[in-house]
Each structure stands twice: as C-alpha cells, then as structure tokens.
Amino acid sequence: MPSASPLSRRPAWRALVAHREALGETHLKTLFAEQPDRYRAFTRSAAGLTLDLAKQRWTPETRERLLALAREADVPGAIGRLLDGERVNISEDRPALHTALRLPESASLVVEGEDLVPAVHRTLARMEAMVARLHTGQWRGATGKPIRDVVNLGVGGSDLGPLMVTHALADFRPEGVHGLEVHFASTMDGSQLADYLGRLNPETTLFVLSSKSFTTIDTLSNARTARDWLLARLTGERVGMPAALVMRQHFIGVSASPEKMRDWGIADAHQLEFWEWVGGRYSLWGAIGLPIALVVGMDHFRELLAGAHAMDRHFREAELADNLPVLLALAGIWNVNFLDIRAHSILPYDGRLEYFAAYLEQLEMESNGKSVTHDGRQVDYATCPVLWGQLGPNAQHAFYQLLHQGTQAVVCDFIAPLRRYDEVEDAATRAHLKEQHRLTLANCFAQSRVLMLGDEALADGDAQPSHKRYRGNQPSTTLLLERLTPATLGALIALYEHKVYVQAVIWDINPFDQWGVELGKRIAGETERILARRRGQEAMDDSSRGLIEAFWAAEAEVP
C-alpha cells in the first residue's frame with residue numbers, strides 16, 4: 001500500500017522536484033542531440049498500438065524517477081486491486097469493474113463470492129438476440145412495420161461512448177442486413193430530439209432509453225417527449241394501437257434499476273442489465289453499447305471487447321517500464337506536476353475519430369477532476385489538466401497558432417492509423433485515397449516535430465523576424481494504430497481508461513465517483529420549480545433573480 005504521508009512529502013516526489021530543478025529549461029532539441037536513439041528508448045507497443053513518448057520533455061533518468069514514484073504509490077498493487085474486483089471506488093464503497101464487461105466467456109472473476117462473467121455474457125446474449133431481430137427486420141413496431149430508425153436517448157457515458165464508437169467504426173457495418181439507422185439525442189433542451197421527431201416515422205422508430213440510475217433528468221425529459229410523440233400518433237383514432245403495445249415495441253431500456261424501467265412502462269423482455277459496479281463513463285462495453293452493436297454487428301462488437309481485454313492483460317502483466325498505460329500516465333504526471341503544463345489537447349489524424357476528444361474529456365476530467373484525497377485531505381498539487389481537442393487536420397486551421405506561438409503551454413496527443421484504404425476495390429480510387437492518407441500522416445508527424453524543435457525543424461531556415469519564430473520545446477505523444485479496427489479501437493480506449501486510473505492512484509484521488517456534478521443538479525431542480533411556479537426568486541442572489549425575471553418577461557411576450 002502507498003505511504004500514509006501526503007504525496008508532496010514522499011521521497012520519490014521530492015526527488016522528482018530536485019530532478020526538475022536540475023533539468024531547468026533544457027530544450028527538446030538538446031535531449032535529442034544527447035540521445036540519438038530516443039525513439040527506440042521511449043517507444044513501446046502492445047495490442048496493435050505503438051506509443052511514442054520520445055518527444056516528451058524528459059530523460060531516461062526522469063522516467064526512472066517517475067517509475068519509482070509509481071512503485072512508492074503501489075501502482076502494481078492497485079492494478080491488481082482494480083482487475084480483481086476489490087472496492088477501489090472508496091467513496092461509494094464498491095468495485096469498478098468495467099474490465100469485467102470484456103472478459104471472455106471462458107474466464108472467471110469471483111468478486112465477493114459471485115462469478116460475474118456468466119451474468120455479463122447473459123446480457124451480451126440478450127443484446128445479440130435484440131440485434132439479430134433488428135438486423136433481420138423481425139423487430140416490428142406496433143403497426144407491424146419493421147423498425148428502420150433507432151434513437152439512443154442518453155447523456156454522458158450513455159451517449160458519448162456509443163456515439164464515438166459508432167462513428168469510428170462506421171466502416172465495419174455488416175453486409176446483407178435489414179436497413180437500420182442509429183441516431184443519438186442527449187441534449188435536455190430537446191433540439192436534437194425535435195429534429196428526429198420532425199422527420200422520422202413513429203411506426204418504424206425504436207427508442208433506446210439508457211440511464212444507469214433511471215433518474216437522469218436530461219434523458220428522462222427526452223424520453224417523455226418521445227413517449228408522448230409515439231402515443232399521440234399511434235394510439236389515436238387513425239391508428240388506434242393499444243398504448244401497452246406501443247410501449248413494448250418501441251422502447252428498449254438499459255439501466256441498473258429494472259423496477260424503475262418497469263414503472264416507466266418498458267417491458268421486462270426489452271430491458272438490458274447494467275450493474276452498479278460499472279461507472280457511466282466506463283460503460284460502453286456492456287448493454288450501453290447496444291447502439292454500437294446495432295451499427296457494427298455483434299461480431300465486431302465482440303472484437304471491440306477483445307481488443308480492450310488485450311490491453312487489460314497487458315496492463316496487468318507488463319512490467320511498469322514497458323506498460324503503455326503506466327508510461328502514458330507518468331508522462332502526464334511529469335507534465336502537470338513538474339513542468340506545470342495544465343492543458344492537454346487530443347488530436348486524432350483520422351476523421352473517423354471525430355468524437356474521440358469529446359469522449360476523453362468526460363473520461364479524464366470527470367474521473368480525475370478532483371481536489372480531495374481518499375482520506376479527505378485537500379491536495380496541495382495539481383491533478384487533472386484541462387483537456388480538449390479536435391480532428392488534427394481541422395485543428396491546424398483553428399488553434400495550432402496557440403500551440404506553436406501562444407503563451408499557454410499545451411501537451412498534445414497525436415493519434416493516427418498507419419494503414420488505411422487497403423480494402424477499396426477500385427485501384428484508381430484506392431491510390432488517390434492512400435495519397436490523402438500519406439498527406440495526413442505527413443501533417444501529423446510534421447506538427448509534432450515543429451512543436452518539438454521550433455524553427456530548427458528546418459535545418460537551412462533563414463533568420464526570421466520575431467513574429468515568425470517558433471520556440472519549440474512543446475512536448476507531445478504520438479499514438480499509432482496498425483489500423484483502426486474494432487480491436488485496436490478497444491485497446492485505445494482501454495489504454496486511456498487505465499492511464500486515468502494510474503494517475504488517480506498516484507494523486508491519491510478516486511476516479512470512479514463524480515460528486516462534483518451533484519450540487520448543480522440539485523440547484524437546477526430548485527430553479528426549475530421557481531421558473532415553473534413563478535415565485536420563490538426572492539431568496540436567490542441578485543444575478544440569478546435577474547436572469548429568472550428576464551425569462552419570465554420573455555415568456556410573457558409570447559402571443
């Protein structure tokens with residue numbers, strides 16, 4: 001177990017502080033000059049991924065001192081406790097077992113006297129049966145027409161994960177199945193849902209209501225609107241379907257609360273199980289991933305799970321010095337806590353990963369955006385950086401100016417597949433697309449090089465005026481996928497999940513709760529009641545009272 005003393009007073013931490021002072025502002029170009037084989041020394045591969053950390057502002061000694069910090073925090077023991085199902089979610093006193101969702105059927109994981117694997121695979125089998133009915137056109141709406149549109153109603157982890165993966169793996173749609181389109185509605189203002197309801201046919205539309213607690217106001221408000229839309233159009237005089245039949249044929253529920261699903265009107269046969277020991281932002285591997293399976297098929301969904309499981313095995317079995325999640329986490333610790341870099345940008349160079357940065361924003365900032373240790377002490381060191389990103393080629397025309405010449409230091413993760421478009425049948429088209437892929441990789445590799453070297457990236461460059469100078473010395477990581485497949489995407493997501501956990505272990509914080517979102521929800525409920533009742537604003541602060549009264553005035557203007 002880690003030392004009981006605060007992190008900033010532990011020997012390994014203090015040794016890193018001294019080491020950082022000794023390094024001073026040593027430039028990355030100097031580090032490369034002193035160690036010509038940095039790529040080999042700082043690159044590791046596993047599960048179809050290659051992690052290049054050579055452009056981080058560290059030395060082999062830095063890495064060794066960070067590994068000592070990880071050992072002092074008992075990262076090896078923490079990895080075992082996570083994967084073995086111990087109660088690592090301290091504040092809620094339960095395990096965090098998203099990794100159990102991707103265990104093969106032949107495995108066994110006994111947690112507190114129960115083998116979790118059979119229940120996980122029963123749910124997968126139930127998912128598979130639902131997917132088969134929809135893919136064969138056998139799932140029919142209340143009027144007997146086959147379902148053609150599925151709308152996922154969820155928010156946070158019930159939306160971001162499935163949305164990201166379905167977009168990333170759209171090339172892996174199975175052939176020869178009944179035509180089906182999957183849509184996502186998450187915003188509580190109803191704007192996304194209103195768009196779908198305006199153009200979809202209620203007779204052929206199915207809603208997947210995904211909410212772990214089945215109390216999330218964002219999701220339930222959309223669900224109520226969807227239910228009323230269906231009932232108004234399918235139980236009226238023109239169609240006249242029984243309400244119970246409409247609810248049965250047009251809703252699937254995914255939740256850890258079957259009673260609440262049943263009370264809401266979702267048939268038992270159309271419920272999928274979601275366990276309390278799975279956090280929402282870690283949940284795409286199970287029933288929350290139903291939209292993924294509907295897009296790519298269950299075979300590809302299982303490949304996604306297998307890729308994540310391969311990274312889980314690597315995380316458990318690899319030595320710390322060769323462990324991809326550990327090394328990625330330690331580079332982040334070095335940047336945040338010792339180089340004082342508090343901004344982190346995720347930059348995929350593949351259009352299929354358009355939503356990957358948004359997915360990681362929740363994964364990292366909701367997990368590690370904490371300031372209190374496990375024993376209730378206020379931290380005296382930084383934790384999670386501000387994380388954001390965009391597709392790299394587009395971001396080059398948006399915010400790379402700040403990366404290269406701004407005053408805010410930013411660490412960047414560049415992500416790209418090595419191969420693409422091999423499967424395109426037409427030779428001429430394939431050649432053109434492969435040329436575009438080469439251009440994309442050239443930009444990816446060039447940007448990390450310029451961030452590192454600055455002006456010296458051009459060996460024969462002429463002297464430039466100050467407004468054209470590039471200082472360089474900006475650290476970055478490059479992650480290469482052999483190809484973007486269900487398996488490598490699964491491994492990539494699991495890599496970041498485990499990176500977050502390792503950092504939380506070292507920072508002595510809980511990455512599996514999110515109490516910081518609860519107060520806002522409570523106050524929002526109180527505020528909504530004031531808005532609806534048109535009274536009670538007197539107890540509010542002057543700004544909030546003014547905003548409420550402005551809304552009331554706007555309402556009064558509506559004819």
Side-chain angles (χ1 to χ4, degrees), residues 19-43 50-63 327-328 331-332 334-350 357 385-416 418 435-480:
H19 173 67
R20 167 69 180 93
E21 291 174 353
L23 277 179
E25 298 306 312
T26 303
H27 201 286
L28 271 163
K29 63 186 178 185
T30 303
L31 298 180
F32 271 80
E34 293 175 347
Q35 189 183 12
D37 63 343
R38 278 181 70 88
Y39 180 78
R40 182 186 62 80
F42 286 103
T43 299
T50 296
L51 176 66
D52 171 20
L53 294 166
K55 293 188 181 76
Q56 292 292 335
R57 273 172 50 196
W58 61 358
T59 67
E61 181 185 354
T62 313
R63 182 176 57 189
L327 293 172
L328 189 60
W334 176 245
N335 287 318
V336 169
N337 296 115
F338 300 97
L339 298 184
D340 197 31
I341 300 176
R342 308 294 179 84
H344 191 159
S345 192
I346 305 297
L347 303 166
Y349 275 73
D350 188 310
V386 174
L387 191 113
W388 91 101
Q390 189 178 330
L391 289 176
N394 295 347
Q396 290 179 187
H397 301 277
F399 57 79
Y400 273 38
Q401 171 65 43
L402 180 145
L403 300 183
H404 288 298
Q405 291 187 319
T407 59
Q408 175 69 55
V410 182
V411 62
C412 299
D413 286 5
F414 295 94
I415 305 169
L418 286 169
E435 183 179 349
Q436 288 189 256
H437 181 57
R438 285 193 298 272
L439 176 63
T440 301
L441 289 182
N443 276 267
C444 178
F445 301 160
Q447 292 294 339
S448 68
R449 178 172 166 79
V450 173
L451 284 171
M452 173 185 71
L453 295 176
D455 294 322
E456 296 196 18
L458 288 173
D460 57 350
D462 297 329
Q464 296 287 341
S466 57
H467 67 278
K468 291 186 178 182
R469 296 298 302 272
Y470 290 72
R471 67 183 181 279
N473 208 30
Q474 296 282 71
S476 68
T477 293
T478 300
L479 259 166
L480 299 176

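In this chain, residues are counted from 1 in sequence order.
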Close side-chain approach of Trp334 and His19, heavy atoms under 4.5 Å: yes
Leu347 CG to Tyr400 OH distance, which is reported to the nearest 0.5 Å: 4.0 Å
Main-chain N/O of Ala54 paired to Arg38 side chain as donor or acceptor, under 3.5 Å: yes
Close side-chain approach of Asp52 to Leu480, heavy-atom, < 4.5 Å: no
Trace of the side-chain contact (heavy atoms from CB on, under 4.5 Å) decision for Leu327 with Arg63: CA-CA 8 Å; Leu327 293 172; Arg63 182 176 57 189; 4.1 Å; yes
Test side-chain contact (heavy atoms from CB on, under 4.5 Å) applied to Leu339 and Trp58, step by step: CA-CA 10 Å; Leu339 298 184; Trp58 61 358; over 6 Å; no
Heavy-atom closest contact (Asp37 atom, Arg40 atom, distance): OD2-NH2, 2.6 Å
Side-chain heavy atoms of Val336 within contact of Arg342, under 4.5 Å: yes
Minimal non-hydrogen separation, Ala343 against Ala409, with atom names: CB-O, 3.8 Å
Check: His27 side chain, Arg471 main-chain N or O, donor-acceptor pair, under 3.5 Å: yes
Glu456 atom CD, over 12 foreign heavy atoms within 6.0 Å: no
Under 3.5 Å donor-acceptor, Asp455 side chain and Tyr470 backbone: yes
Pairwise side-chain contact, Val411 with Gln56, heavy-atom cut-off 4.5 Å (strictly under): yes
Results of salt bridge (Lys or Arg N to Asp or Glu O under 4.0 Å) for Glu21 - residues two or more places apart only: none
Donor-acceptor under 3.5 Å (Gln405 side chain, Arg469 main chain): yes
CZ on Arg449 to OG on Ser476, rounded to 0.5 Å: 12.0 Å
Contact summary for Phe399 and Ser345, nearest pair of heavy atoms: CE1-OG, 3.6 Å
Check: Gln447/His404 side-chain N/O donor and acceptor closer than 3.5 Å: yes
Side chain proximity check, Thr59 to Leu31, heavy atoms < 4.5 angstrom: yes
From Leu479 atom CG to Leu53 atom CG, the distance as rounded to the nearest 0.5 Å: 8.0 Å
Passing option when His344 is tested against Val410, Val386, Asp413, Asn335 for side chain to side chain contact (heavy atoms under 4.5 Å, CB included): Asp413
Any Thr440 side-chain heavy atom under 4.5 Å of Asp350 side chain: no
Residue pair Ala357 / Leu387: nearest heavy atoms and the distance that separates them: O-CD2, 4.3 Å
Test applied, side chain to side chain contact (heavy atoms under 4.5 Å, CB included); reference residue, Lys55; option that passes from Phe414, Phe42, Phe32, Tyr39: Phe32
Atom pair CG (Leu51) and OG1 (Thr43), whose distance is rounded to the nearest 0.5 Å: 7.5 Å
Check: Gln474 side chain, Leu403 main-chain N or O, donor-acceptor pair, under 3.5 Å: yes
